[in-house]
Q: 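Mind having a look at this structure? Questions to follow.
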Amino acid sequence: VQLQASGGGFVQPGGSLRLSCVVSGITFRFDDMGWYRQAPGKQRELVAAISSGGSTNYADSVKGRFTISRDNAKNTVYLQMNSLKPEDTAVYYCTRGTYYTGSSYYSPRSWGQGTLVTVSS
């Protein structure tokens, strides 16, 4: 499986970015996907996950600002990030994993390369 993330960059606080992750080597529509991030000096954390059926889960810190979505026809998962804050600065990673619908728990199995998001004035 290959996960190719893109869309990172530099943005001012309050701005928006959309990350994309194109997935190949699997039957994408059957797979659960997630975005993680790692800020300097911090552990990786789950930002958002989406099941093959469209169920979603978000970190409390991004609820109401970020939206995860998927386009099965394009084998692509997106992360729309609005109202960005300096604390959103991190390397963002696209993952493939397992989404446990009952508990909204997500466990990653495959990782793509990261894309850097920098939020600064």
Side-chain angles (χ1 to χ4, degrees):
V1 57
Q2 289 189 331
L3 302 97
Q4 184 69 42
S6 62
F10 182 92
V11 64
Q12 292 186 337
S16 298
L17 281 176
R18 188 177 79 157
L19 305 183
S20 301
C21 177
V22 179
V23 183
S24 59
I26 59 172
T27 307
F28 178 75
R29 65 184 183 276
F30 294 142
D31 276 81
D32 306 327
M33 304 296 297
W35 288 94
Y36 277 74
R37 69 184 179 187
Q38 186 167 22
K42 296 187 177 181
Q43 291 186 333
R44 285 184 184 181
E45 63 172 349
L46 177 66
V47 177
I50 185 167
S51 73
S52 59
S55 297
T56 57
N57 184 30
Y58 296 91
D60 288 343
S61 59
V62 306
K63 282 181 180 176
R65 301 188 297 122
F66 290 11
T67 303
I68 188 171
S69 62
R70 62 191 298 157
D71 185 336
N72 290 341
K74 296 182 178 180
N75 282 17
T76 302
V77 60
Y78 303 98
L79 184 68
Q80 178 66 44
M81 306 185 294
N82 299 329
S83 302
L84 282 161
K85 304 175 181 180
E87 51 264 43
D88 295 318
T89 295
V91 177
Y92 284 72
Y93 297 90
C94 175
T95 69
R96 168 204 181 202
T98 302
Y99 185 106
Y100 299 87
T101 306
S103 63
S104 295
Y105 176 74
Y106 176 80
S107 176
R109 286 180 285 139
S110 303
W111 294 76
Q113 94 292 351
T115 185
L116 176 63
V117 172
T118 303
V119 185
S120 176
S121 55

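For the single chain, residues carry numbers from 1 onward in sequence order.
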Q: Could you check whether atom OH of Y105 has more than 12 heavy atoms from other residues, nucleotides or ligands sitting under 6.0 Å from it?
A: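 No.
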Q: Donor-acceptor pair, N72 side chain versus R29 backbone, under 3.5 Å?
A: no
Q: Mind telling me whether Y93 and W111 have parallel, tilted or perpendicular rings, with 30° and 60° as the class edges?
A: perpendicular
Q: Has Y99 got a side-chain atom pairing as donor or acceptor with T56's backbone, closer than 3.5 angstrom?
A: yes
Q: Are L17 and L84 packed together at the side-chain level, in the sense that at least one heavy-atom pair is separated by less than 4.5 angstrom?
A: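 The answer is yes; the side chains approach within 4.5 Å.
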Q: Less than 4.0 angstrom from a charged side-chain N to a carboxylate O is my criterion; do D88 and K85 meet it?
A: no
Q: If only atom types and distance count, is the side chain of R70 paired as donor or acceptor with the main-chain N or O of S51 below 3.5 Å?
A: yes
Q: Are N82 and S16 close enough that a side-chain donor and a side-chain acceptor fall under 3.5 Å?
A: yes
Q: Specify the closest pair of heavy atoms between L19 and T115, including all atoms of both residues, with the distance to one decimal.
A: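 Of all heavy-atom pairs spanning L19 and T115, the closest is CD2-CG2, 4.0 Å.
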Q: Pairing donors with acceptors under 3.5 angstrom, does anything connect the side chains of R18 and Y78?
A: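 The criterion, which ignores hydrogens and geometry beyond distance, is not satisfied for Y78 and R18.
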Q: Do you know the tightest heavy-atom contact between V47 and Y92?
A: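 That would be CG2-CE2, 4.1 Å.
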Q: Does Q2, at its CD atom, have more than 12 non-hydrogen atoms belonging to other residues, nucleotides or ligands within less than 6.0 Å?
A: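 No, not enclosed.
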Q: Where the side chain of Y36 meets the backbone of A48, is there a donor-acceptor pair that is under 3.5 Å apart?
A: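 Between the backbone of A48 and the side chain of Y36 there is no qualifying donor-acceptor contact (under 3.5 Å).
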Q: Salt-bridge test for D31 and R109: reply yes if a basic N is under 4.0 Å from a carboxylate O, no otherwise.
A: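 Salt bridge present between D31 and R109.
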Q: Within the structure provided, determine whether C21 and Q4 are in side-chain contact (heavy-atom separation under 4.5 Å).
A: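 In short, these two side chains do not touch, never coming nearer than 4.5 Å.
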Q: How about Y106 and T95: does a side-chain donor come under 3.5 Å of a side-chain acceptor?
A: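 On atom types as modelled, these side chains qualify, holding a pair under 3.5 Å.
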Q: Could you grab the distance from atom NZ of K42 to atom OG1 of T89, nearest 0.5 Å is fine?
A: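 Atom-to-atom, K42:NZ and T89:OG1 are 10.0 Å apart.
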